[in-house]
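The chain is numbered in sequence order, starting from 1.
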Amino acid sequence: MPTLKEVAQVAVEARRDKGAGSGRRLREIERILRRHRVFKGLSPDEATSLLEDLGPTFVKMGQIAANRSDVIPPAYAEAFKRLRADVPPLPYEEVVAVIESAFGHPWRETFSCIEKKPLGSASIAQVHRARIAPCAAVADAFAGVPDDRSATPAADEHDAFANVRAPRAAAAPAAARVPHTADAPAGARVPRAADAFAGARAPRAADVPAGARVPRAADAPAGTSSPRAGVAAAAARASSFPPAGAWVAVKVRRPHVVEQMTQDLALIRQAVALVGLTRATDGIKLSLADLVTELERTTWQELDFRVELRNLERFRALLADQPGIESPRPYPLLSTDDVLVMDFVEGPMVNDVAALRARGLDPRALGHRLAESYVTQIVDNGFFHADPHPGNILVNGGDIVWIDLGMVGELTAMERGLVGRMLRAAAENDPYALMQALLAAARDGGEVDHGRLLDRLGRLLASYATVNLAEIDVGRALMDVFDVLRTQNLAMPPSFTLLARGMVTIEGVLVDIAPDASVIGIIADHLRRRERTANALEAKAREAFSTALTSFDATLRLPTQASHTLDMVNRGQVSVGADLHMPTDALAALYSVSGTVAMALISAGLFVGSSLLAQTNMHPQFLGVPFLAVFGYLGAFALAAYVVWRNLLIRHRQKNAERL
């Protein structure tokens with residue numbers, strides 16, 4: 001029977017969806033379901049086709065579910081891996097209309113040309129190559145400016161960018177923006193009109209990567225007008241603006257995709273809330289809730305291009321100390337929440353071995369560099385690309401270029417430490433240490449059997465102990481660990497799920513270009529190098545000193561605590577309690593067997609009682625037998641038939657290892 005909390009959750013989701021306009025979308029979904037005849041059952045390929053017809057939200061849900069075989073059967077999970085978000089491209093006129101609506105002026109004032117054929121077309125956005133409109137080069141605009149000029153900074157900035165215009169916030173219609181904050185999941189940030197860049201303002205601190213300094217008016221002495229400050233401010237703007245004639249990539253969000261995906265997410269939330277009213281197991285409910293939470297988070301990240309812009313800026317800053325690794329530079333002055341402008345990157349995909357060798361590049365060396373970069377993102381930076389398929393990793397002039405930062409994962413310092421503990425425990429074949437690390441990171445959605453969890457993890461580690469280190473699939477091993485956790489009503493944070501999925505994807509890429517590369521070996525080497533650094537040694541020393549102080553304090557208190565315990569024993573104040581816990585499966589089997597035995601006894605009693613009544617002359621009678629005896633025989637026969645059927649069913653389930 002559903003709990004009050006589950007009923008309330010359904011009411012909350014229904015109220016949240018009030019006025020969202022989901023009725024029309026629901027009818028559209030119903031028509032698609034009828035066209036595919038879903039009530040007659042769907043094969044994996046038919047289910048894949050259905051998700052593609054339902055639209056971008058369901059395509060993304062299928063892509064996420066492809067790595068969640070605990071939610072859907074493995075055959076469907078494998079079929080969903082073939083889901084692609086590629087769709088027919090938008091007409092060129094619609095692309096131009098979106099750009100002009102976002103910029104607030106004709107596109108030719110910013111670009112000299114926009115190629116009609118898109119570089120790529122997906123369910124949320126499509127990308128076109130464009131060229132910055134010709135104007136005086138930014139460097140030339142400041143070349144001949146004397147240091148003691150008296151022009152105001154604002155005038156300098158205006159002159160430097162007189163020929164190329166950036167987007168205006170006021171010109172963008174409200175309808176083109178992401179919906180109200182209430183529609184977004186907890187923790188997600190929804191762009192506001194104020195987020196769009198005004199026509200000619202200088203960059204803010206939030207617009208530049210961490211560590212970069214933005215000139216401010218406060219930097220000039222009070223009461224003075226500093227020409228140098230004006231030149232510095234304009235130069236800062238010049239550095240965040242593409243040079244004249246440069247080729248850039250323009251990512252344009254599809255019209256109305258925000259509204260459609262918002263309605264789809266509202267309907268999916270209601271469907272998951274209704275599952276809570278059914279007799280589905282807690283593990284399934286928890287898995288579905290996690291799936292929808294992950295879907296919401298990744299969807300809102302990809303819909304808001306301001307999020308991707310900030311991801312690109314942060315990612316570029318973190319790649320500064322990784323030679324041979326790059327990512328496109330975004331241009332905040334030309335970007336809004338539905339248009340993103342960045343450097344155009346040309347080159348083959350990282351798994352195009354023939355093209356790489358034609359350019360004189362070694363695919364194996366690139367594979368090792370790629371794996372090292374991904375490990376650094378996870379272990380050192382805690383900020384990693386969450387969708388590292390080959391289409392998002394290009395090779396340009398020998399450099400590996402990460403593109404499409406719409407979906408990223410982030411690990412806190414504590415989570416990075418837990419990942420290190422898990423990997424170390426796995427390397428040392430220590431199931432108890434692995435369980436402690438997992439319990440520290442996981443959240444429980446029900447009762448946890450620690451003994452059974454330890455046993456399952458021990459068996460899992462034992463299965464990998466006989467495998468060569470280079471042959472271990474880290475991503476698949478992580479997914480196996482997560483499957484074990486779900487059997488105990490435990491779920492890992494979304495960042496760990498993204499990590500596992502990213503590992504599965506990156507190892508698939510390495511198979512094509514560097515089959516001998518071992519991600520687990522690279523991780524182990526990376527962790528060993530980290531442990532030898534001065535900072536790591538200092539941290540270990542502090543930890544050892546803190547542990548020693550704690551142990552010394554406990555040692556001082558031990559005699560007193562032992563004395564108090566013995567006094568309580570002498571006074572009879574110590575009692576010993578035991579909690580005998582029986583597994584749920586065993587209880588269910590016991591109830592089933594006891595119920596069957598009880599019905600068999602009742603059937604036998606009815607048969608004996610009816611036989612005694614048949615020896616009497618009780619009236620009324622049927623064929624010389626009292627009616628009451630006849631009813632007793634019928635009841636005894638029915639119960640006996642049910643007992644026989646129940647025994648056959650139990651034996652069948654035992655043979656097939658099914659739940660009783």
What residues form a side-chain contact (heavy atoms from CB on, under 4.5 Å) with [X], not counting sequence neighbours?
{"X": "I602", "result": "L606, L639"}
{"X": "D380", "result": "T376, H526, R530"}
{"X": "I378", "result": "Y374, F384, L411, L499, M503"}

[X] to [Y] - nearest heavy-atom pair and separation:
{"X": "D512", "Y": "V353", "value": "O-CG2, 3.7 Å"}
{"X": "L498", "Y": "V408", "value": "CD1-O, 3.8 Å"}
{"X": "V379", "Y": "R416", "value": "O-CD, 3.3 Å"}
{"X": "A600", "Y": "V643", "value": "N-CG2, 3.8 Å"}
{"X": "G391", "Y": "M349", "value": "CA-SD, 3.4 Å"}
{"X": "A75", "Y": "P44", "value": "O-CB, 3.9 Å"}

Between [atom1] of [X] and [atom2] of [Y], what distance do you get to the nearest 0.5 Å?
{"X": "Q322", "Y": "Q377", "atom1": "CD", "atom2": "CD", "value": "6.5 Å"}
{"X": "L457", "Y": "L461", "atom1": "CG", "atom2": "CG", "value": "6.5 Å"}
{"X": "T547", "Y": "F552", "atom1": "OG1", "atom2": "CZ", "value": "15.0 Å"}
{"X": "L312", "Y": "I403", "atom1": "CG", "atom2": "CD1", "value": "10.0 Å"}
{"X": "M435", "Y": "L438", "atom1": "CE", "atom2": "CG", "value": "9.0 Å"}
{"X": "R364", "Y": "I513", "atom1": "CZ", "atom2": "CD1", "value": "11.5 Å"}

Counting C-beta onward and ignoring hydrogens, is there a side-chain heavy-atom pair between [X] and [Y] closer than 4.5 Å?
{"X": "H36", "Y": "S49", "value": "yes"}
{"X": "W402", "Y": "E326", "value": "no"}
{"X": "D387", "Y": "L405", "value": "no"}
{"X": "R314", "Y": "F383", "value": "yes"}
{"X": "R646", "Y": "M599", "value": "no"}
{"X": "L490", "Y": "R443", "value": "no"}
{"X": "D362", "Y": "L356", "value": "no"}
{"X": "L485", "Y": "M492", "value": "yes"}

Looking only at atom types and distance, does a side-chain atom of [X] sit under 3.5 Å from a main-chain N or O of [Y], one as donor and one as acceptor?
{"X": "E415", "Y": "T412", "result": "yes"}
{"X": "E46", "Y": "S43", "result": "yes"}
{"X": "Q488", "Y": "V448", "result": "no"}

When you look at S373 and I400, which way does the side chain to side chain contact (heavy atoms under 4.5 Å, CB included) test go after all the steps?
CA-CA 9 Å; S373 172; I400 294 174; over 6 Å; no
Might you work through the side chain to side chain contact (heavy atoms under 4.5 Å, CB included) test for L439 and H450, ending with a clear yes or no?
CA-CA 10 Å; L439 290 175; H450 293 80; 3.6 Å; yes
I124 vs M261, side chain to side chain contact (heavy atoms under 4.5 Å, CB included): CA-CA, chis, key distance, verdict
CA-CA 9 Å; I124 293 178; M261 297 189 79; 4.1 Å; yes
Just to verify, which of I506, D404, T505 counts as forming a side-chain contact (heavy atoms from CB on, under 4.5 Å) with I393?
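Looking at I506, D404, T505, the match for I393 under the side-chain contact (heavy atoms from CB on, under 4.5 Å) is I506.
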